[in-house]
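What you see is a predicted model; the values in this text were computed from it and never measured. Residue numbers run from 1 in the order of the sequence given. The figures here come from the full heavy-atom set of this structure, side chains too, leaving out hydrogens, waters and symmetry mates.
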Amino acid sequence: MIHQTRINAHQKLLSGFRLDGFLVTKLSNIRYLTGFSGTNGICLITNSDAIFISDSRYEQQASQEVSAASIHIGKGFLPEKLKELSCLPDGKNIGLEADSLSYGQFRRLKDLLPGVRWQPQEKLVEQLSISKSEEEIGSIQLAAEFTDKIFLQLIDLIRPGVRECDVAAEILYRFKKMGADNSAFEPIVASGHRSALPHGVASEKEIEEGDLVILDFGCVVNGYASDLTRTVVVGKASDEQRRIYEVVRTAQQSAIQVIRAGISCSELDATARNVIREAGYGEYFGHALGHGLGLEVLGEPRIAAETDSSLPENAVITIEPGIYVPDLGGVRIEDDVVVRVDHAELLTHSSRDLIEIS
Ligand code: ZN
Ligand code: ZN
């Protein structure tokens, strides 16, 4: 039922773009529209039809998961099945996902169906999925609860001499043990000078006394991701570490406070960025304030200065300001929130006080 509603909404969108159909190739979008959770599939949505194609490994799974589209089994390059089914006549305007198809695949597609007028599009299905149903929010909430639990356990685990990769391995293992589908991404564990790398995937570096440690991790439940960052200090925080931490915390809090349905992404980004700039650390906050969260961990919209769109009710986003000072280290605090009519509802609840691990 839910998938039929989503496919209908997508069909409505197509007519607005003057498209006769749309080839969905990005797996998270296929899952959103059809329910299919496997790793190989395509879906063609036309004004009157929805056709799903996978390979024989997924025949049974597709019949269990896919309800609102007809199911076909192909092999090799799946669009060949579309040609076999004659469902793409010459002259039709068919949208495709420019950010999911490789150039090689696009060339094969053009050679296979030369009469079709392929129209590259960006983030079409993603626009539909920004606002979440309560069921989707429930899955993200569960993933967020798992993530909060792991954070508490990490506080006991982190001490001088433990390697970043040991911490990352524990995160992956414990998520699986807890019953999550998977880790949402390769955990970031970045300590000491490495914490100044905004995306410092765990290395073999040992955590040392005095280090700031950025922990950024999340898991997937029912296909939906959580994404949490906390920064802790091993031992007593220096005055500057504490100062940076408080600036980041204030920036995050000020952004969360202004969240409401209809606020523009750029305004939200500016709210946090101004706090950091006024504290004198503007040049050390280089990335966007946050991103959408759902079937994709880095989903739409980007909460950034250049994003003009506004946030709809029930969008789920992250708010994750950071300050990264070369040689000194970095601090990032990230939480997951639901955009409600007049406030933000937090899904992650780990403490945002500065934790000094002794
Ligand atoms: Zn994160
Ligand atoms: Zn994030």
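- Listed by chain and number, the residues in a side-chain contact (heavy atoms from CB on, under 4.5 Å) with A62 are F36, F52, V66, I71 (sequence neighbours excluded).
- Contact annotation: the side chain of L346 never approaches that of V338 to less than 4.5 Å [non-hydrogen atoms, C-beta and beyond].
- Side-chain contact between E296 and K26 is present, with at least one heavy-atom pair separated by less than 4.5 Å.
- Between F217 and F175, the ring planes are tilted. Angles from 30° to 60° get that label.
- Within a 6.0 Å radius of CD in Q60, no more than 12 heavy atoms belonging to other residues, nucleotides or ligands are found.
- Under the 4.5 Å side-chain heavy-atom criterion for Ile, Leu, Val, Met, Phe, Trp and Tyr, L85 and L109 are members of the same hydrophobic cluster.
- The distance from the CG atom of L157 to the CD1 atom of I207 is 8.5 Å, given to the nearest 0.5 Å.
- The cluster map of Ile, Leu, Val, Met, Phe, Trp and Tyr, joined by side-chain heavy atoms under 4.5 Å apart, puts V234 and I214 in different clusters.
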(message) Show, in sequence, the C-alpha distance, side-chain angles and deciding distance for L23 and L82, and conclude whether the side-chain contact (heavy atoms from CB on, under 4.5 Å) test is met.
(response) CA-CA 10 Å; L23 182 62; L82 289 176; 3.8 Å; yes
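- No side-chain heavy atom of Q121 sits less than 4.5 Å from a side-chain heavy atom of E97.
- N8 and Q4 form a side-chain donor-acceptor contact under 3.5 Å, judged by distance and modelled atom types alone.
- With sequence neighbours excluded, the residues that form a salt bridge (charged side-chain N to carboxylate O under 4.0 Å, His left out) with E208 are K205.
- Placement of V213 and I355 within a single hydrophobic cluster is found when ILVMFWY residues are connected by side-chain heavy-atom separations under 4.5 Å, directly or transitively.
- A side-chain hydrogen bond (donor to acceptor under 3.5 Å, both in side chains) check over residues 11-20, counting only residues at least two apart or in different chains, returns nothing.
- One hydrophobic cluster, built from ILVMFWY side chains closer than 4.5 Å, cannot hold both I259 and L228; they sit in different ones.
- H287 and F285 have perpendicular rings, their planes meeting at more than 60° on a 0 to 90° scale where under 30° would count as parallel.
- At a threshold of 4.5 Å between non-hydrogen side-chain atoms, the residues V339 and P312 do not count as touching.
- Cluster membership check: L295 shares its hydrophobic cluster with V316, using side-chain heavy-atom separations under 4.5 Å among Ile, Leu, Val, Met, Phe, Trp and Tyr.
- With R249 as reference, D353 is the one residue of D353, V275, I244, L354 to meet the side chain to side chain contact (heavy atoms under 4.5 Å, CB included) rule.
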